[in-house]
Protein chains: 2
Amino acid sequence: MAKAPQKEETPALDRIDLEILKLLQQNARATIKEIAAGVHLSTTPVHERIKRMEESGVIRQYVTLLNASKVGKGLMVICYVSLRQHSRHAGDKFIKSILEMNEVLECLTISGEFDFLLKVVAANMDEYYHFHVNKLSAIENVGNVQSVFVMGVIKQTHQLVF
Amino acid sequence: MAKAPQKEETPALDRIDLEILKLLQQNARATIKEIAAGVHLSTTPVHERIKRMEESGVIRQYVTLLNASKVGKGLMVICYVSLRQHSRHAGDKFIKSILEMNEVLECLTISGEFDFLLKVVAANMDEYYHFHVNKLSAIENVGNVQSVFVMGVIKQTHQLVF
DNA sequence: CTATTTTGCAGGAAAATTTCCTTTTCACCG
DNA sequence: CGGTGAAAAGGAAATTTTCCTGCAAAATAG
């Protein structure tokens, strides 16, 4: 009677599905035909499998990654934030503010001394300082904030390998 | 005589280019036709602009984002690493190892107490422990390692807003 | 063990898209 | 005021997507 503990009853991915995902992760604009050739199938089943995985939520989004410094976002900062009080209201207010800030690419709730880790991008130090003082610290209930500057990107991928 | 300080002499992006990038960032599989409609141009100039931005490196990659927990990668950990010595050789060895490890999605060199910040994904705590002990700590010259566990993802985007 | 249903894939055709070529438009300059 | 060059529009061929039909293998039932 008991089913496997899955959130939305994902139909389980077979080896071919994973192979398709591998190719799509590397190139979201790959044609069905190319993918089909890669997994040794015709276009039809590949198309159906992709559609199924889009609908089941396995595939979240197709995105284009840009060269940040070439579009004027050359500075990356990891930013730690703790709130002064941890009421539901304070947390919701903070989250709402963060979601609206385009400088913040990532916000994680973490274990340890701080409550949140933010990945922030800016054009330069002036812009980051403005963000820090006038936007981030201006959110009510924000307590301690600590910035760690990213000096170099060694690796940056989204490829999940199964 | 002096030029703008650009790495590879990017031809400078106009308002329409940025609008195209905005749409492509949101949906890498958008058709040229859809994008053209979005920027009120015909397909031809849009196609040319995209090709130009691909070649100039402004567009880095088209990728597909997956639902990590639906493909069995439900645990995310931020991992700080410092090396015991900071010779060129030690650093290169570490970097080489990290690039080969599929669990590591991101590796940044940072200011502060630690040398590197790693974003690591794993199926569960067992798998992460195995990574920590047998893979990460096994790299020669790795000194202090500290793990911070991600309890929740508030925001995760790649959309650079200009 | 055979019949039947189901599932997944191949092949083909219509619709849509990409991509290339030619023509047109517009702005700038002589 | 026409010349020149850059960028966009329009059109057409090639490619791709997407849907349909049919077939084969596996699963299920009798």
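In what follows, chains are A, B, ... by sequence order, proteins preceding strands, each numbered from 1.
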Electrostatic pair [X]-[Y], nearest N-O below 4.0 angstrom:
X	Y	result
B/R52	B/E48	no
A/K155	B/E106	no
A/D92	A/R88	yes
A/K51	A/E55	no

Residue pairs, two or more places apart or on separate chains, that pass side-chain hydrogen bond (donor to acceptor under 3.5 Å, both in side chains) and touch residues 16-27 of chain B: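 Residue pairs passing side-chain hydrogen bond (donor to acceptor under 3.5 Å, both in side chains), neighbours aside: B/D17-B/R49.
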
Starting at atom [atom1] of [X], determine the distance to atom [atom2] of [N], rounded to an integer number of angstrom.
X	N	atom1	atom2	answer
B/I35	C/dA16	CD1	P	19 Å
A/K33	C/dG11	NZ	C1'	14 Å
B/E34	C/dA16	CD	P	13 Å
A/L41	D/dA25	CG	P	16 Å
B/D17	D/dA7	CG	C1'	12 Å
A/R15	C/dG8	CZ	P	15 Å
B/R29	D/dT17	CZ	P	7 Å
A/R49	D/dC19	CZ	P	18 Å

Check the interface with nucleotides 20-25 of chain C: list each N/O to N/O pair with the protein under 3.5 Å, or write none.
residue	atom	partner	partner atom	Å
C/dC20	N4	B/T44	OG1	3.3

Sugar-phosphate, base or nothing in reach of B/S42, heavy atoms under 4.0 Å: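 Since a base atom lies under 4.0 Å of B/S42, the category is base.
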
Hphob cluster co-occupancy, B/L108 + B/V121, side-chain heavy atoms under 4.5 angstrom: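 B/L108 and B/V121: one cluster.
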
Within the 6.0 Å centroid threshold, strictly below: B/F116 and B/F94: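 Close enough - the centres of the two rings lie under 6.0 Å apart.
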
Side chain of B/I16 - closest among D/dA8, C/dT18, C/dA10: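 Given the options D/dA8, C/dT18, C/dA10, the side chain of B/I16 is closest to D/dA8.
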
Minimum-distance nucleotide to A/I32 side chain [options: C/dT18, D/dT17, D/dA8]: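 Closest nucleotide to the A/I32 side chain: D/dT17.
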
